[in-house]
Asker: 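First the structure, then my questions, so here it is.
Convention: sequence-line order gives letters A, B, ...; per-chain numbering from 1.
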There are 2 protein chains.
Amino acid sequence: MLRGMSRWEPDAASRLMKAATELFDEQGYDATTVAEIAERAGLTKRTFFRHYADKREVLFNGSGQLERCWLEGIEAAPADAEPLAAVAAGFDPVAEMFAERHAFARVRSRIVQANPELQERELIKLHKLAGVVKGALLRRGVPEHAATLAAHVGLAVFSVAFGHWVEQNDPARLRALFDESLAQMRSVTSA
Amino acid sequence: MLRGMSRWEPDAASRLMKAATELFDEQGYDATTVAEIAERAGLTKRTFFRHYADKREVLFNGSGQLERCWLEGIEAAPADAEPLAAVAAGFDPVAEMFAERHAFARVRSRIVQANPELQERELIKLHKLAGVVKGALLRRGVPEHAATLAAHVGLAVFSVAFGHWVEQNDPARLRALFDESLAQMRSVTSA
DNA sequence: CTGGTGCATGACACCAAGTGACATCACCTC
DNA sequence: GAGGTGATGTCACTTGGTGTCATGCACCAG
């Protein structure tokens, strides 16, 4: 079933994402139609919407994997770790996951920053991510308010570091940037 | 020019907002078309889009006024106030502004919570609001990172209190809820 | 009073996002 | 080889959103 499907080229979703990213980068998000994306991927508009709920979603497929990575790291943290330390434990697998995607992350970030609709989607994905992180803290026994706060602070740390990472040209530095951003956050909150 | 325009009923924008809110409340956001809204307001679809950039924006007109209120309060704070205290100084005029809009805020909140598109718009408006608050702190001489953090923390305090306010039935309690939420935030961050 | 200008709206055509319904055709199973 | 499954194509349709031109009242100049 996964092998030997000769009727269609494999990995339709990946081809659509690749085609979409290229076109958004070449001519902008607004100027690119779904029909164009599908055509470049050798598919039809209708098939695009079978793989992605809407035109924006093609750029936000990785968010599920980011969630899983982060959760995995939090759950691997020692049971007696402070809430923010547990959140930060998720930075290890997350940095590893992004290590080989620096080039793509740069292009993607440029596309998103250039379009308000995409920024809206980015914000709601991050909001959902904060909710998931909060849930992991609640399961560790962290009280409600502390979990909410730690999750949002952790997300701010992540966002700042990630933003710096895509602006620089050192793919391997993400882990270090997480630590720097976290240290800044600690120094500011302790003041 | 503002008076005596007898050709059209006045306050087209207000009528459109009222019609939209009613229809969204009666039959849901998705099930309501822009043509319906315009018809109930005695206007046409084209005129709706002359007053609001898109269908969602009709529910987010007040955000500019919220910004101005909050800024006004921050700028009225004593020059030596701590960053978070300056942010909290904005809660006074904000609570006053919302005092007579509790009923509308409840309906509006229910509509937004029921629709992901509207939540996206809400999040980006809050994000923009955080940027404005941060700017006010920078003008007070607060350093970059502290301003970013204080703005986001202040926004979290606002969101939590506002969320409780629309769930309860005591329009006058908003100011007290701001204080309670702020106190909780302080106790959590100092732990 | 007359004619011109400005401005909000109406009317109409159009594009693109997104959806529902049905057809197609390779592959798998029995 | 008969039938089921699943991903895709085809087509018609609704709706958000925009460009363009026409309309008609208010206001102003003379």
Asker: Around atom NE2 of A/His145, are there more than 12 heavy atoms from other residues, nucleotides or ligands closer than 6.0 Å?
Answerer: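 Counting other residues, nucleotides and ligands, NE2 of A/His145 stays at 12 neighbours or fewer.
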Asker: Round to a whole Å and report the spacing from CG of A/Asp30 to C1' of D/dT18.
Answerer: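 Rounding to the nearest Å, CG of A/Asp30 and C1' of D/dT18 are 13 Å apart.
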Asker: Restricting to nitrogen or oxygen on both sides, can you table the protein-nucleotides 22-25 of chain C pairs closer than 3.5 Å?
Answerer:
| residue | atom | partner | partner atom | Å |
| --- | --- | --- | --- | --- |
| C/dC25 | O4' | A/Arg7 | NH1 | 3.2 |
| C/dC25 | O4' | A/Arg7 | NH2 | 2.4 |
| C/dC25 | O2 | A/Arg7 | NH1 | 2.2 |

Asker: In this structure, are over 12 heavy atoms from other groups packed under 6.0 Å from A/Glu96 atom CD?
Answerer: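 No - once you tally the heavy atoms of other residues, nucleotides and ligands closer than 6.0 Å, there are 12 at most.
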Asker: Under 3.5 Å, is there any donor-acceptor pair linking the side chain of B/Lys45 to the base of D/dG17?
Answerer: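 It does, because a donor-acceptor pair links the side chain of B/Lys45 to the base of D/dG17 below 3.5 Å.
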Asker: What integer distance in Å separates A/Arg121:CZ from C/dA17:C1'?
Answerer: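 The answer, rounded to whole Å, is 13 Å.
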Asker: Tell me if the NE2 atom of A/His102 is crowded by more than 12 foreign heavy atoms within 6.0 Å.
Answerer: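 More than 12 heavy atoms, drawn from other residues, nucleotides or ligands, come within 6.0 Å of this atom.
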Asker: What's the shortest heavy-atom distance between A/Leu23 and A/Arg40, and which atoms?
Answerer: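 Of all heavy-atom pairs spanning A/Leu23 and A/Arg40, the closest is CD2-NH2, 3.3 Å.
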Asker: Looking at A/Phe98, I'd like to know if the NZ or CZ of A/Arg175 sits under 6.0 Å from its six-membered ring centre while staying within 45 degrees of the ring's axis.
Answerer: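 Negative - A/Arg175 is either too far from the ring of A/Phe98 or too far off its axis.
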Asker: When the nearest nucleotide of DNA chain D is assigned to B/Arg56 and to A/Ala12 on a heavy-atom basis, which residue is associated with the more 5' position?
Answerer: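 First, find each residue's nearest nucleotide; the 5'-ward one identifies A/Ala12.
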Asker: Atom CD of residue position B/Glu26 - does it have more than 12 heavy atoms of other residues, nucleotides or ligands inside 6.0 Å?
Answerer: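 Above 12, so yes.
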Asker: Would you jot down, in residue-number order, the residues of residues 31-44 of chain B having a non-hydrogen atom under 4.0 Å from DNA chain D?
Answerer: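 Contacting residues: B/Thr32, B/Thr33, B/Val34.
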Asker: Between atom CZ in A/Arg46 and atom P in D/dT8, what is the gap in whole Å?
Answerer: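 From A/Arg46 CZ to D/dT8 P: 12 Å.
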Asker: If I take atom OH in residue B/Tyr52 and atom P in nucleotide C/dA8, what distance separates them, rounded to the nearest angstrom?
Answerer: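 Taking OH of B/Tyr52 and P of C/dA8, I get 15 Å after rounding.
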Asker: Is the number of heavy atoms from other residues, nucleotides or ligands under 6.0 Å of A/His127 NE2 greater than 12?
Answerer: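 Open.
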Asker: Calculate the interatomic distance between A/Lys55 atom NZ and D/dG17 atom C1'; express it in whole Å.
Answerer: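 That distance rounds to 13 Å.
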Asker: Can you confirm if the NZ or CZ of A/Arg108 lies within 45° of the ring axis of A/Phe60 and under 6.0 Å from the centre of its six-membered ring?
Answerer: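 Because its charged atom sits under 6.0 Å from the ring centre and within 45° of the axis, A/Arg108 does stack over A/Phe60.
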Asker: Give the rounded distance in Å between these two atoms: CG of B/Leu16 and C1' of C/dT9.
Answerer: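 Those two atoms, CG and C1', are 12 Å apart.
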Asker: Nearest whole angstrom, please: distance from the P of C/dA17 to the CG of A/Leu118.
Answerer: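 Answer to the nearest Å: 13 Å.
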Asker: Just the rounded figure in Å: distance from P of D/dG17 to CD of B/Glu57.
Answerer: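 Result: 10 Å.
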Asker: Tell me whether the OP1 or OP2 atom of D/dA7 has a side-chain N or O from A/His51 closer than 4.0 Å.
Answerer: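 The answer is no; no side-chain N or O of A/His51 sits under 4.0 Å from OP1 or OP2.
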Asker: Under the criterion ring-ring contact (aromatic ring centres under 6.0 Å, His included), which of A/Phe162, A/Trp70, A/Trp165 is the partner of A/Phe91?
Answerer: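 The passing option is A/Trp70.
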